[in-house]
Amino acid sequence: MNVLMITSEAVPFSKSGGLADVVGALTPALISKGHDARIIVPSYNTTPENSGELVCTLEIEMLKGKETVQIRQRNVGKAIYYFVCHTVFNDRLGIYGDTSFTPYSDNFFRFSLLGKAALQLCETLGWKPDILHCHDWCAGLVPYFLKVNRGQFFMGTKAVFTIHNLAYQGTFSRMDFLYANVRPDEKLFSNGQVNMLQAGLVFSDYITTVSPTYAKEIQTPGQGCGLDPILVRRKNRLKGIVNGIDTDEWNPQKDALIDHHFSIGKMQGKAKLKKEIQEQFGLPVRDDVPLFAMISRLASQKGFDAVAMCLEDMLREMDIQFIIIGTGDTSIETKFKEMAERNENLSVNILFSNKAAHLVEAGSDFFLMPSRYEPCGLNQLYSLRYGTIPIARRTGGLADTIIDVDKYPDLGTGLLFDDLNPYEIVKHVHRATELYARTEGNNSLTKIRQRAMEQDFSWSASADEYISVFSKLTEKTGGKK
């Protein structure tokens with residue numbers, strides 16, 4: 001099959017979250033299974049000339065006339081990346097805004113341009129996609145553009161829309177839709193606004209999201225973000241597929257970003273990395289206390305407000321260490337930095353660093369993820385890979401990928417809890433300290449680590465599930481298998 005990934009970000013060129021990792025890993029997984037999968041993504045904060053080899057120049061019809069867009073190409077392994085070059089992308093510092101809290105006012109125009117460029121590029125190249133795989137709200141208008149503009153070239157092409165986080169919907173003034181220069185449809189609008197994610201849900205041929213549990217959760221008023229009626233209506237065209245991880249990048253035996261490697265049978269390197277974390281991030285160097293980690297966007301969605309209510313008491317009453325790495329809400333950042341000044345067993349680091357993330361994932365003993373909701377989550381998968389035991393709320397992909405130690409003593413890989421409140425966090429951190437001290441039996445730390453590290457979260461199985469979805473869609477129209 002020919003598959004075009006349409007996305008606002010993709011590693012290794014642009015990233016603000018897990019979406020970029022998914023696109024950058026799923027594409028080569030599809031290629032490895034014999035499919036022609038390619039990526040189209042904007043080129044940010046660089047000149048067109050630095051964005052790769054020129055493929056073609058497109059003239060895109062928008063409200064104010066034709067917009068000239070260069071398409072440039074780079075290859076990563078066998079994967080082709082097409083970069084959309086235009087001043088609204090190249091001349092901008094960020095992907096969605098200069099900061100996480102200041103989105104660009106013309107984002108509707110920017111990502112409408114991306115969607116129209118994706119379709120026009122296919123026609124210009126004469127490369128017909130069987131599947132247009134549209135990722136999150138930024139690509140939400142593509143299924144509608146396909147419906148409105150479908151000609152002979154795109155006959156049989158199907159649109160699959162993947163929800164990475166339903167809370168981010170791309171809502172804009174109804175008048176902004178004029179910029180797209182296509183006829184409107186009332187199904188594009190809600191509450192007087194154009195909703196780009198809703199467009200993807202309504203006009204795609206199939207919807208996927210990033211875990212089976214999240215697929216169920218978003219069909220409820222509690223997590224449906226106002227779109228649950230649409231998702232319930234389309235539930236027979238909705239499937240949850242757990243994300244994989246790049247098992248070459250995240251591999252304790254050869255991780256290029258850590259100084260000491262280790263494996264299930266040889267764990268000495270993990271102990272050395274723990275010492276390195278303590279030295280580098282200002283924690284007392286001790287091998288007799290459990291080290292708990294959080295690497296995340298500092299936001300209430302990730303449960304940081306609940307953690308803030310109990311962390312200081314835990315630090316004073318338990319013999320533990322905590323390290324927090326991330327950026328986010330300024331008030332949350334300030335609260336935790338002040339807390340770290342009062343407690344030598346807490347290290348708070350307001351930074352975004354891939355190297356630090358690898359080190360802390362690899363060297364910590366436990367990883368805390370008390371998320372209010374978590375469509376899939378990647379950090380628990382990284383943690384399992386490195387024998388860092390996850391402690392998480394039972395939601396979304398966390399529920400699908402962690403086996404609770406208390407419920408399944410012979411199979412458990414982590415700790416799960418249901419209610420997001422300080423009591424549950426304290427209870428399960430305390431439970432983790434008990435496991436840390438246990439040296440014998442199936443629930444010893446060594447046994448749990450072994451089971452965790454044996455889990456397979458490579459992209460191969462997830463890619464097979466996507467291929468199954470794609471194949472069912474194309475079979476009905478005689479597409480290539």
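Positions are given from 1 along the sequence. Being a predicted model, the structure only gives us computed values, none of them experimental. Just the heavy atoms: all of them, side chains too, but no hydrogens, waters or symmetry mates, feed the values below.
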Next on the checklist: Please evaluate residues Phe13 and Tyr81 with respect to the criterion ring-ring contact (aromatic ring centres under 6.0 Å, His included), reporting the C-alpha separation (whole Å), side-chain torsions for both, the decisive distance (0.1 Å), and the verdict.
Outcome noted: CA-CA 10 Å; Phe13 301 104; Tyr81 286 70; 5.0 Å; yes
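- Using a 4.5 Å heavy-atom threshold, the side chains of Leu132 and Val160 count as separate.
- Looking at every heavy atom in both residues, Ser14 comes nearest to Ser8 through OG-O, 4.2 Å.
- Ile258 is not listed as a side-chain neighbour of Glu276, based on a closest heavy-atom distance of 4.5 Å or more.
- For the pair Arg174 and Phe189, the cation-pi criterion (under 6.0 Å, within 45° of the ring axis) is fulfilled.
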Next on the checklist: As a quick check of understanding, evaluate side-chain hydrogen bond (donor to acceptor under 3.5 Å, both in side chains) for Asp400 and Thr213, giving each step before the final call.
Outcome noted: CA-CA 7 Å; Asp400 292 322; Thr213 295; 2.6 Å; yes
Item to check | Leu166 vs Tyr373, side-chain contact (heavy atoms from CB on, under 4.5 Å): CA-CA, chis, key distance, verdict | outcome: CA-CA 10 Å; Leu166 192 68; Tyr373 66 92; over 6 Å; no
Checklist entry - What do the steps show when you test Asp255 against Tyr386 for side-chain contact (heavy atoms from CB on, under 4.5 Å), and what is the final call? => result CA-CA 10 Å; Asp255 189 328; Tyr386 288 84; 2.6 Å; yes
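- Residue Arg234 holds its CZ atom at 4.5 Å from OG of Ser204, rounded to the nearest 0.5 Å.
- Heavy-atom neighbours of Asn191 CG from other residues, nucleotides or ligands within 6.0 Å: at or below the threshold of 12.
- In this structure, Trp137 has its ring center at least 6.0 angstrom away from the ring center of Tyr168.
- In this structure a side-chain-to-backbone donor-acceptor pair under 3.5 Å is present from Glu217 to Gly396.
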Next on the checklist: Apply side-chain hydrogen bond (donor to acceptor under 3.5 Å, both in side chains) to residues Asp176 and Ser173 and explain how you reach the verdict.
Outcome noted: CA-CA 5 Å; Asp176 279 348; Ser173 163; 4.8 Å; no
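- Note that SG of Cys85 is 8.5 Å distant from CD of Glu49, once rounded to the nearest 0.5 Å.
- Side-chain contact between Ile295 and His358: absent, with no pair of heavy atoms (C-beta onward) separated by less than 4.5 Å.
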Item to check | Full working for side-chain hydrogen bond (donor to acceptor under 3.5 Å, both in side chains) between Gln193 and Asn195 | outcome: CA-CA 6 Å; Gln193 294 181 304; Asn195 185 317; over 6 Å; no
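- Taken from CG in Asn45 to CD1 in Ile95, the straight-line distance is 10.5 Å, to the nearest 0.5 Å.
- Thr474 places a side-chain N or O within donor-acceptor distance of the main-chain N or O of Ser471, the cut-off being under 3.5 Å.
- A salt bridge does not link Lys302 with Asp329: none of the charged nitrogens is closer than 4.0 Å to a carboxylate oxygen.
- The CG atom of Asp130 lies 11.0 Å from the NZ atom of Lys158; values are rounded to the nearest 0.5 Å.
- If you check the side chains of Thr68 and Glu59, you find a donor sitting under 3.5 Å from an acceptor.
- Note: Phe336 and Phe304 have perpendicular aromatic rings, judged against thresholds of 30 and 60 degrees for the angle between ring planes.
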Next on the checklist: Applying side-chain contact (heavy atoms from CB on, under 4.5 Å) to Met453 and Phe262, what does each step give before you reach the verdict?
Outcome noted: CA-CA 11 Å; Met453 295 175 73; Phe262 58 96; 3.9 Å; yes
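- The cationic group of Arg92 lies under 6.0 Å from the six-membered ring centre of Tyr104 and within 45° of the ring axis, placing it in a cation-pi geometry.
- Taking the six-membered ring where the residue is Trp, the centroids of Tyr466 and His133 are separated by under 6.0 Å.
- A salt bridge links Asp36 with Arg38: the distance from a Lys NZ or Arg NE/NH1/NH2 to an Asp or Glu carboxylate oxygen falls below 4.0 Å.
- A distance of 4.0 Å separates CG of Asn379 from CZ of Phe367, quoted to the nearest 0.5 Å.
- Summarising the local packing, NZ of Lys15 is surrounded by more than 12 heavy atoms from other residues, nucleotides or ligands at distances under 6.0 Å.
- At most 12 non-hydrogen atoms from other residues, nucleotides or ligands lie less than 6.0 angstrom from NZ of Lys66.
- Note on Lys272 versus Asp259: no salt bridge recorded, every NZ/NE/NH1/NH2 to OD/OE distance being 4.0 Å or above.
- Ionic pairing of Asp248 and Lys254 is present here: one or more N-O contacts between side-chain nitrogen and carboxylate oxygen are shorter than 4.0 angstrom.
- Of the charged side-chain nitrogens involved, none lies within less than 4.0 Å of a carboxylate oxygen, so that Lys147 and Asp205 do not count as a salt-bridged pair.
- Counting only heavy atoms from C-beta outward, the side chains of Gln301 and Asn165 approach each other to under 4.5 Å.
- Using modelled atom types, one side-chain atom of Asp136 and one backbone atom of His164 make a donor-acceptor pair closer than 3.5 Å.
- With rounding to the nearest 0.5 Å, the separation of SG in Cys122 from CG in Leu4 is 5.0 Å.
- The closest side-chain heavy-atom distance from Leu201 to Ile163 is below 4.5 Å.
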Next on the checklist: Set out, in order, the CA-CA distance, both residues' side-chain angles and the distance that settles side-chain contact (heavy atoms from CB on, under 4.5 Å) for Cys56 and Leu121, then state yes or no.
Outcome noted: CA-CA 8 Å; Cys56 61; Leu121 173 64; 3.7 Å; yes
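- A salt bridge between Lys116 and Glu67 is absent, with no side-chain N of the basic residue lying under 4.0 Å from a carboxylate O of the acidic one.
- Heavy-atom minimum distance, Pro212 versus Val242: CD-CG2, 3.5 Å.
- Counting only distance, with no hydrogens or angles, the side chain of Thr209 and the backbone of Ala215 share no donor-acceptor pair below 3.5 Å.
- A donor-acceptor pair shorter than 3.5 Å can be found between the side chains of Tyr96 and Glu9.
- Lys78 and Ser32 share no donor-acceptor pair across their side chains, judged by distance under 3.5 Å alone.
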